[in-house]
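Report on one structure; see the data block that follows.
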Amino acid sequence: MWSLIQHLLVGSLAVWTAAAEISFVVEATRDNGTVDISSELELVKLPPRQRWQHGSRHKSRPPPSKGGKRDVVSFSGNWCGASQHSTPDNQIVNAFSWLTAPDLTLRPGQPIPQYVAAWVGIDGAACKQALLQAGVTTVVNSNGGQSASAWWQWYPESSFTIKGFPVKPGDWVTVNITALTATSGKISLVNANQGVEASITVSNGPKLCRIDAEWLIEDFYDSDMVQVPFAQFADAWFLDAAATTVKGTKIGIDGAAMVQLQNENGTIVCHPEKWDNANFVAISS
Ligand SMILES: *[C@@H]1O[C@H](CO)[C@@H](O)[C@H](O)[C@H]1NC(C)=O
Ligand SMILES: *[C@@H]1O[C@H](CO)[C@@H](O)[C@H](O)[C@H]1NC(C)=O
Ligand SMILES: *[C@@H]1O[C@H](CO)[C@@H](O)[C@H](O)[C@H]1NC(C)=O
């Protein structure tokens, strides 16, 4: 009898494990919603050697000894942009922004290829266990040629490149991240220049805290925990940046940490300049 119970227990645990695996459904259209192209998109799980770690290794750096005093400025070794906080009694449901697909030029004296990622996410800062994010990464090679690609990731799960989603450097893209529950969400990307939309509905993701929203440019790490060379880029605007909460509050970037990216030698290579509560620009330096 005991062995039967054990057997049943093991059996149901196996079922529970299988049911908890992350899963998702992709839908896509082009020509502003008129043509279904869901079958043309392929979500490519990045192999371990290329599993980019967007946002997951954020570490703060002390402020540089020189430099002007500013309000709510913080420094990071990989982030540049805005990180906003809510409270556990008013959790974040949605984070949204327009952003420009990074448009790059080579940074002199650095290895090539060079990269810049731009993304929107929920839970990049205080929540250590999960981060739901999506955006566009651009790479520039030795002759100045660029290629951009859209991606999403529910950290610590692997990131997926959204192959077949057309995006060029400088295109205007909306990124809309919704936490339907702590473990399910919907990611929607619209490339307004190309008239293409993709949405990914995800189930059984790692449990979110839903207490932060981020709008960021990133010098991310590869899977060997080596930071990729960071390119220079055209002004990268984030427009209509907002997070909404369970109580229906709309939070902008007022009061957010405005994060400057300081490289290993202490040089600020990107800093955000706030325009107003909903709009800021990340500037390459
Ligand atoms: C999509 O709609 C916008 C605005 O209505 C228009 O400017 C654009 O040309 C359209 N794009 C496509 C691919 O149909
Ligand atoms: C973002 O997506 C959610 C869920 O689909 C939707 O309710 C909301 O209106 C979208 N926000 C914007 C600004 O498009
Ligand atoms: C930091 O300085 C060293 C020594 O000058 C240089 O080789 C390296 O490329 C610099 N790193 C960055 C990211 O600029």
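Whatever order the structure lists ligands and atoms in, that order sets their numbers, starting from 1.
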Just checking, any donor-acceptor pair under 3.5 angstrom between side chains of [X] and [Y]?
X	Y	result
Asn94	Thr178	yes
Gln232	Ser284	no
Asn78	Gln227	no
Trp152	Gln133	no

How close does the nearest protein non-hydrogen atom get to [atom], and which residue and atom is it?
atom	value
atom 9 (O) of ligand 3	Gln110 NE2, 3.2 Å
atom 11 (N) of ligand 3	Glu264 OE2, 2.7 Å
atom 8 (C) of ligand 2	Asn176 ND2, 3.8 Å
atom 5 (O) of ligand 3	Asn265 ND2, 4.7 Å

For atom 3 (C) of ligand 2, the option (of Thr178, Val175, Asp240) bearing the nearest heavy atom: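 Answer by nearest heavy atom: Thr178.
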Tyr115 ring center near Phe230 ring center (under 6.0 Å):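 No, ring centres 6.0 Å or more apart.
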Exercise check, heavy-atom protein proximity under 4.0 Å to atom 14 (O) of ligand 3: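 Given the 4.0 Å limit, the answer for atom 14 (O) of ligand 3 is yes, a protein heavy atom qualifies.
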For Asn94, atoms of ligand 2 separated by under 4.0 Å from a heavy atom: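 Matching atoms, with element in brackets: 1 (C).
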Atoms of ligand 3, numbered as shown, that sit under 4.0 Å from any heavy atom of Asn263: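 Counting atoms of ligand 3 from 1, those under 4.0 Å from Asn263 are 12 (C), 13 (C), 14 (O).
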Lys274 atom NZ, over 12 foreign heavy atoms within 6.0 Å: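 Atom NZ in Lys274 is crowded, with more than 12 foreign heavy atoms closer than 6.0 Å.
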Ligand 3 contacted by Arg107 (non-hydrogen, < 4.0 Å):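 Under 4.0 Å: no for Arg107.
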Donor-acceptor pair, side chain of Asn191 and main chain of Gln194, under 3.5 angstrom: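 Here the side-chain-to-backbone pair exists.
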